[in-house]
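Right, one structure below, let's go through it.
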Protein chains: 2
Amino acid sequence: MTKSKIGLYLNKVNDSVTLLRECGIQPTPQRIAVIEFILNTRSHPSADQALEQVRLQCPTISRATVYNTLNLLVKKGLVRTQIIREGTVVFDCNINQHHHFIDEETGNIYDIPWDQLEVKGKDRLKDFEIVEFQVILRGRRKKK
Amino acid sequence: MTKSKIGLYLNKVNDSVTLLRECGIQPTPQRIAVIEFILNTRSHPSADQALEQVRLQCPTISRATVYNTLNLLVKKGLVRTQIIREGTVVFDCNINQHHHFIDEETGNIYDIPWDQLEVKGKDRLKDFEIVEFQVILRGRRKKK
DNA sequence: AAAATATCTTGACAAAGTCTAAAATAGGAC
DNA sequence: GTCCTATTTTAGACTTTGTCAAGATATTTT
């Protein structure tokens with residue numbers, strides 16, 4: 001399993017153990033619980049929301065460990081943070097470039113595939129060296 | 001003076017008094033100090049940063065008053081909030097649509113005029129009703 | 001000037017996040 | 001297995017951002 005495929009296949013404990021080892025992270029039960037939760041959700045949770053969910057599996061885990069583990073996963077490039085919710089950083093297991101849509105009624109955050117939108121005119125911004133960018137859209141998700 | 005011109009002309013106390021009155025806000029010394037600071041900065045400050053600066057002019061102002069006044073100005077449409085900095089809401093006196101560039105070295109936030117960038121493909125997002133959007137770019141501002 | 005409103009301040013509180021010291025655990029050497 | 005060391009985890013203290021309520025000040029209204 002390669003890093004680029006994470007986030008969809010992580011339903012076996014073995015996978016997360018392997019993944020942690022590949023990143024040079026000791027696979028403790030706490031870290032396994034965190035990585036299995038975060039790589040299997042599309043919900044862009046905050047650290048405290050992750051804590052709440054991870055405790056269902058691993059009731060004794062401390063807040064500091066969840067924060068430490070999530071930050072470690074960010075440092076290793078397995079997840080990334082997004083600044084799109086008021087008051088808290090959210091964690092995003094989709095490490096490929098993509099955009100975001102935020103439902104202002106529910107607070108839900110949806111990924112928009114990179115190739116669905118095109119941003120034109122960036123080369124005109126002569127004063128800025130762009131390292132990354134994304135479009136952030138807000139509104140309502142339509143009911144089916 | 002109309003609301004659409006605010007943010008550039010606000011160097012006379014009279015202007016801010018007029019503006020507050022136009023919005024049905026009683027122009028107290030505290031509120032004048034807050035509005036004069038916030039409408040004359042391009043720096044996208046947090047509420048606590050605003051407090052710090054406003055206290056230079058009005059040393060006795062309380063934190064609650066700065067928060068209340070800023071939120072009041074948001075409600076009246078004179079400034080708006082942006083979620084682009086980690087850990088805190090920032091206030092933006094540019095109420096016209098625009099994009100943002102964030103210098104990752106300094107944390108400085110720069111406005112990018114609306115017409116400099118074009119986002120194509122929004123109509124393909126059938127599941128979403130878009131109320132607003134912006135492009136957020138990160139990188140380094142080039143030295144002159 | 002007294003009463004009624006509106007505003008401001010202080011301090012308490014909650015949530016998000018970091019840090020530290022001590023306890024628990026794991027891994028390696030023997 | 002036992003001992004030793006390095007790594008992890010935990011609990012709690014602390015900071016920052018933000019809100020709220022109660023009392024103190026100001027401002028209007030009459």
Side-chain angles (χ1 to χ4, degrees), chain A residues 13 16-17 20-21 23-38 43-55 57-76 79-92 107 109, chain B residues 16-17 19-21 23-38 43-55 57-76 79-92 107 109:
Chain A
V13 174
S16 40
V17 170
L20 288 169
R21 287 227 173 88
C23 292
I25 302 175
Q26 280 192 34
T28 66
Q30 290 86 344
R31 287 169 173 169
I32 293 167
V34 170
I35 198 174
E36 298 226 325
F37 166 70
I38 200 70
S43 69
H44 304 78
S46 68
D48 279 316
Q49 289 175 324
L51 171 63
E52 195 183 328
Q53 291 303 306
V54 169
R55 277 201 167 146
Q57 299 300 315
C58 182
T60 63
I61 198 171
S62 71
R63 215 159 76 97
T65 295
V66 172
Y67 273 82
N68 287 340
T69 303
L70 288 171
N71 289 333
L72 192 55
L73 297 179
V74 169
K75 197 160 64 177
K76 297 294 184 179
V79 304
R80 53 166 306 180
T81 57
Q82 299 283 352
I83 301 171
I84 41 185
R85 185 130 88 201
E86 184 173 328
T88 177
V89 162
V90 305
F91 292 85
D92 189 345
I109 297 166
Chain B
S16 40
V17 171
L19 195 52
L20 287 170
R21 287 224 173 88
C23 292
I25 303 175
Q26 280 193 34
T28 66
Q30 290 88 343
R31 287 168 172 171
I32 292 167
V34 171
I35 198 174
E36 298 227 326
F37 167 70
I38 200 70
S43 70
H44 303 78
S46 69
D48 278 316
Q49 288 174 324
L51 171 63
E52 195 184 329
Q53 291 303 307
V54 169
R55 277 201 166 147
Q57 299 301 314
C58 181
T60 63
I61 198 172
S62 72
R63 213 159 77 96
T65 296
V66 172
Y67 273 83
N68 287 340
T69 303
L70 288 172
N71 289 333
L72 192 54
L73 297 178
V74 169
K75 197 160 65 178
K76 297 296 183 177
V79 305
R80 51 167 306 178
T81 56
Q82 298 284 351
I83 300 172
I84 41 186
R85 185 129 88 202
E86 185 173 328
T88 178
V89 162
V90 305
F91 292 85
D92 191 343
I109 298 166

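Note: hydrogens, waters and symmetry copies are ignored here, and every other heavy atom, side chains too, is used. Chain identifiers are assigned alphabetically (A, B, ...) following the order of the sequence lines, protein sequences preceding nucleic acid strands; residue numbering begins at 1 within each chain.
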In terms of side-chain heavy atoms of I61(A), which of dT10(D), dA16(C), dT17(D) is nearest?
dT10(D)

DNA chain C-proximal residues of residues 45-53 of chain B, any heavy atom under 4.0 Å:
none

When the distance from CD1 of I32(B) to P of dT7(C) is rounded to whole Å, what number comes out?
13 Å

With rounding to the nearest 0.5 angstrom, report the CZ to CG distance, F91(B) to L70(B).
4.5 Å

Take atom CD1 of I83(B) and atom P of dT17(D), then tell me their distance rounded to the nearest Å.
16 Å

Hey, which of these two, E86(B) or A64(B), hits DNA chain C nearer its 5' end, going by closest nucleotide?
A64(B)

Side chain of T60(B): nearest nucleotide among dT9(C), dT17(D), dA11(D)?
dT9(C)

Please tell me if T88(A) has a side-chain N or O lying less than 4.0 Å from either OP1 or OP2 of dG17(C).
yes

Would you please confirm or rule out a distance under 4.0 Å between OP1 or OP2 of dT7(C) and any side-chain N or O of T28(B)?
no

Calculate the interatomic distance between L20(A) atom CG and dT7(D) atom P; express it in whole Å.
17 Å

Residues that D48(B) engages under side chain to side chain donor-acceptor pair (under 3.5 Å), provided they are two or more places apart
R63(B), Y67(B)

Could you check whether R31(A) gets within reach of a base, just the sugar-phosphate, or nothing at all, counting any heavy atom under 4.0 Å?
sugar-phosphate

Separation between CG of L20(B) and CG of L73(B), rounded to the nearest 0.5 Å
7.0 Å

Nearest 0.5 Å please: distance from the CG atom of N68(B) over to the CZ atom of R31(B).
8.5 Å

Work out which heavy atom in S16(B) is nearest to a heavy atom in E36(B); give both atom names and the distance.
OG-OE2, 2.5 Å

Round to the nearest Å and state the distance from R63(A) atom CZ to dT20(C) atom P.
16 Å

Distance check needed: dT10(D) C1' versus Y67(A) OH, whole Å only.
16 Å

Spacing of CD1 belonging to I32(B) relative to CD belonging to Q57(B), to within rounding of 0.5 Å:
12.0 Å

In whole angstroms, how far is the C1' atom of dT18(C) from the CG atom of N68(A)?
9 Å

Under 4.0 Å, heavy atoms only, any strand: does T65(B) hit a base, just the sugar-phosphate, or nothing?
base

Can you work out whether V66(B) or P29(A) has the more 5'-proximal nearest nucleotide on DNA chain C?
V66(B)

Selected nucleotide, minimal atom distance to N71(B) side chain, candidates dC20(D), dA16(C), dT19(D):
dT19(D)

Interatomic distance, I25(B) CD1 vs dC8(C) P [rounded to whole Å]:
11 Å

Output the distance between atom OG1 (T69(A)) and atom CD1 (I38(A)), rounded to the nearest 0.5 Å.
11.0 Å

Looking only at the side chain of Q26(A) (C-beta and beyond, no hydrogens), which of the listed nucleotides dT19(D), dA26(C), dT9(C) gets closest?
dA26(C)

